[in-house]
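The block underneath contains the structure these notes are about, expressed in structure tokens.
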There are 2 protein chains.
Amino acid sequence: MGRKRLHDAADGRPTVHTVAARAGVSIASASRVLNGVGGSAETVRRVREAAAAVGYVPNAIARSLQSQRTGLIAFAVEDIGNPVYVAMMRAIEAVVAESGRQLLVHATSGQVASETALLRRLAHRYVDGMIISPIRVTDSHVEAMTASPVPVVVIGQLPDAVPVDNVRTDSRTGAGLAVDHLVAGGRTRVAFLNGPLDTVPGVARDAGFRAAVARHGMSADLIEVGDFQYAAGRAAAERLLARSRPDAIVCANDLIAVGALHALLVSGLRVPEDVALVGMDDTELAQMSYPQISSVSLGSEIRGRLAAQLLLDRIADAGLPPRREQVPPSLVIRASSGGGA
Amino acid sequence: MGRKRLHDAADGRPTVHTVAARAGVSIASASRVLNGVGGSAETVRRVREAAAAVGYVPNAIARSLQSQRTGLIAFAVEDIGNPVYVAMMRAIEAVVAESGRQLLVHATSGQVASETALLRRLAHRYVDGMIISPIRVTDSHVEAMTASPVPVVVIGQLPDAVPVDNVRTDSRTGAGLAVDHLVAGGRTRVAFLNGPLDTVPGVARDAGFRAAVARHGMSADLIEVGDFQYAAGRAAAERLLARSRPDAIVCANDLIAVGALHALLVSGLRVPEDVALVGMDDTELAQMSYPQISSVSLGSEIRGRLAAQLLLDRIADAGLPPRREQVPPSLVIRASSGGGA
DNA sequence: GCTCCTTGTGTAAACGTTTCCGGAAGTCTG
DNA sequence: CAGACTTCCGGAAACGTTTACACAAGGAGC
């Protein structure tokens with residue numbers, strides 16, 4: 001009927017007009033009842049009944065346009081295949097869900113262009129805030145983040161001058177912990193398999209490793225660089241074994257460590273008897289391997305939780321001064337370095 | 001100035017009114033230029049310049065309200081920690097991105113309540129479509145899917161009567177492939193570590209395993225059930241070894257297989273010499289293990305790609321009859337069952 | 001020189017909500 | 001019972017876009 005078409009949405013679904021008409025009240029009253037604010041007992045009853053009868057569901061887009069917020073939080077991550085990000089995501093999701101919002105995840109493939117595009121898209125206001133964990137931080141990142149009209153929280157290092165909330169760890173020290181542990185276990189030829197040196201974690205871990213071996217009076221020549229993936233770790237370990245014979249290997253993350261473990265076992269070396277191994281990030285991958293891999297924990301769950309909290313706080317009060325949280329690294333010793341079972 | 005406030009958004013950001021005023025044209029003209037449709041050379045120049053000068057970015061919410069579409073596609077997945085979903089996600093993302101849309105991922109933790117809540121939330125119209133891969137399909141799932149005003153595509157089995165696009169595989173046959181391969185390799189005591197029997201893949205794989213062992217005249221008593229996780233796989237394998245001595249194990253997915261491998265190695269058994277192992281899903285986990293694990297591929301990338309294509313087609317034309325795609329399983333043989341390196 | 005078509009423009013009405021504001025009715029106080 | 005106060009309601013204006021429609025100006029065709 002004409003009457004009906006006037007109140008339904010373009011696609012024929014009921015709107016607040018439909019409900020109001022059916023209940024015989026104004027749209028203002030209908031909206032109030034549906035939002036649980038005000039309304040006489042009778043009005044509430046009639047509106048509720050009408051809404052149920054037509055199967056009314058509010059249109060989130062329209063609501064967002066009016067309220068200026070979407071209830072969505074984004075988490076942008078470069079490699080969703082890396083369990084460390086899955087751990088962070090779970091922690092973030094818990095906090096976000098508790099605030100009644102929804103988390104959505106974007107995979108950026110670590111492309112700077114794709115990350116900044118995502119950041120810029122924030123200006124479109126499709127989400128209320130974003131948590132991003134970039135492994136490279138370029139000028140265009142910084143510019144896009146500071147220009148963003150919606151709050152951004154960074155998990156990772158950031159130049160001090162950038163006025164953006166962030167939560168960081170100290171993977172430089174973390175790499176040192178790994179070396180110290182191996183040296184304490186009597187290892188004298190400690191190698192390092194790192195990720196790219198044009199990444200923030202790459203340089204931090206490189207510095208940490210070099211400082212640590214120097215501290216122990218050892219040379220830092222057993223270094224191989226690839227990317228932060230399994231295949232690269234395996235390839236790097238093969239290159240390393242082809243040119244030298246280390247008795248311990250520190251890896252810049254667990255994916256690399258699993259790759260290295262594979263290479264070691266293939267070449268007939270025993271872990272930890274012949275070569276001790278330590279990973280980083282302390283992901284479930286480290287526990288799933290055999291032998292289980294010692295790993296430097298960088299507190300991914302904690303960092304995720306803190307980041308989410310920082311973001312929610314800033315959404316609640318945009319005037320807050322930029323905050324910075326630091327999570328200390330710790331070493332989890334397992335069989336691959338001669339520890340636990 | 002009052003002038004300015006009149007045209008800017010509530011938060012002080014420029015709107016199309018701001019741009020129009022600055023360019024000295026109507027908002028209609030401004031909008032047309034910004035969308036690249038129409039406008040005289042002079043108007044185009046002025047509007048472009050004004051937009052650049054004030055740093056105008058269109059508000060996606062307002063645009064969506066008008067256009068009735070958001071350009072967002074959701075992928076709902078029960079366990080983002082399972083690499084098979086990561087593989088699907090990558091495939092989906094590729095297709096979705098090519099269509100100029102964005103993919104967002106929701107983790108449901110496999111909770112029926114959470115999945116149906118997500119499906120119902122589709123009615124809010126925040127996304128243009130959703131791909132979901134539920135491991136349990138309840139009546140409330142089916143009801144929520146059919147009632148959804150936005151298209152839904154299911155990856156996985158679905159009752160035939162449900163008029164929803166879906167892409168399925170045949171993991172029943174897949175389990176059979178694994179058994180056949182092991183028997184052909186001379187194994188006679190083949191066990192099966194499965195996921196929960198109240199899940200769709202759980203029952204399919206159970207049926208496939210039972211049919212296959214029966215076909216070979218073997219009994220199906222070496223079955224342990226847990227959930228689809230690493231820890232459950234490891235525990236199930238330990239239970240199995242405590243009560244029997246199989247010479248081959250089929251696992252309902254790769255996570256379980258990695259857990260089983262761990263248990264086998266811990267108990268001093270050699271793989272594949274003492275016990276052969278076959279997983280399912282053919283994820284990167286299977287290749288990362290040592291020895292590498294044979295696995296039944298269920299074509300996750302292909303399924304993801306097909307699902308995305310189905311969804312985009314339906315978004316383009318809602319009138320399409322429901323479609324159904326089938327991807328055959330295939331066995332990838334690796335070292336854990338005596339094959340390759 | 002008149003009509004007809006094309007092109008460009010502006011006004012205004014959507015899209016589906018929420019909310020401000022003024023008024024009507026009811027309740028309490030003295 | 002008059003006045004002040006509360007409660008509830010409806011009209012209308014937002015939120016920031018896109019777009020249907022009407023109209024004006026200009027060129028082509030006769």
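Residue numbering restarts at 1 for every chain, and letters A, B, ... go by the order of the sequence lines. Just so it is clear, the values below take in all heavy atoms, side chains as well, and ignore hydrogens, waters and symmetry mates.
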Taking the side chain as every heavy atom from C-beta outward, state whether B:P58 and B:V16 have any atom pair closer than 4.5 Å.
-> no
For A:V33, which contact category applies under a 4.0 Å heavy-atom criterion: base, sugar-phosphate, or nothing?
-> nothing
Hey, what bend do you get for the helix from C:dG1-D:dC30 to C:dG30-D:dC1 if you fit axes on five pairs at each end, rounded to 10°?
-> 40°
Nearest-angstrom distance from the residue atom CD1 of A:I61 to C1' of C:dT17 | 12 Å
Whole-Å distance, B:R69 CZ to D:dT17 P, equals 18 Å
Answer yes or no: is there an ion pair linking B:R305 with B:E301, defined by an N-O contact shorter than 4.0 Å?
-> no
Would you say a side-chain N or O of B:Q68 is under 4.0 Å from OP1 or OP2 of D:dT18?
-> no
Is a side-chain donor-acceptor pair under 3.5 Å present for A:R69 with A:S67?
-> no
Provide, to the nearest angstrom, the distance between the CZ atom belonging to B:R13 and the C1' atom belonging to D:dG16.
-> 12 Å
Can you find a pair of side-chain heavy atoms, one from B:Y126 and one from A:L72, that are under 4.5 Å apart?
-> yes
OH of A:Y126 versus P of D:dG16: gap in Å, rounded?
-> 15 Å
Show each protein N/O and nucleotides 24-26 of chain D N/O combination with a separation under 3.5 Å, one pair to a line.
none

Do A:M89 and A:L103 have side-chain heavy atoms sitting under 4.5 Å apart?
-> yes
Taking NZ, NE, NH1 and NH2 as the nitrogens, is one of them in A:R90 or A:E93 under 4.0 Å from a carboxylate oxygen of the other?
-> no
Could you write out each protein N or O paired with an N or O of nucleotides 18-20 of chain C at a distance under 3.5 Å?
from   : atom 1 : to    : atom 2 : distance (Å)
C:dT18 : OP1    : A:N35 : OD1    : 3.3
C:dT18 : OP1    : A:N35 : ND2    : 3.2
C:dT18 : OP1    : A:R63 : NH1    : 3.0
C:dT18 : OP2    : A:S31 : OG     : 2.7
C:dT18 : OP2    : A:N35 : ND2    : 3.4

Would you mind reporting whether A:T116 and A:E143 have side-chain heavy atoms less than 4.5 Å apart?
-> no
Should the pair A:E49-A:R46 be classified as a salt bridge under the 4.0 Å nitrogen-to-oxygen rule?
-> no
Does B:S26 put a side-chain nitrogen or oxygen below 4.0 Å from OP1 or OP2 of C:dG10?
-> yes
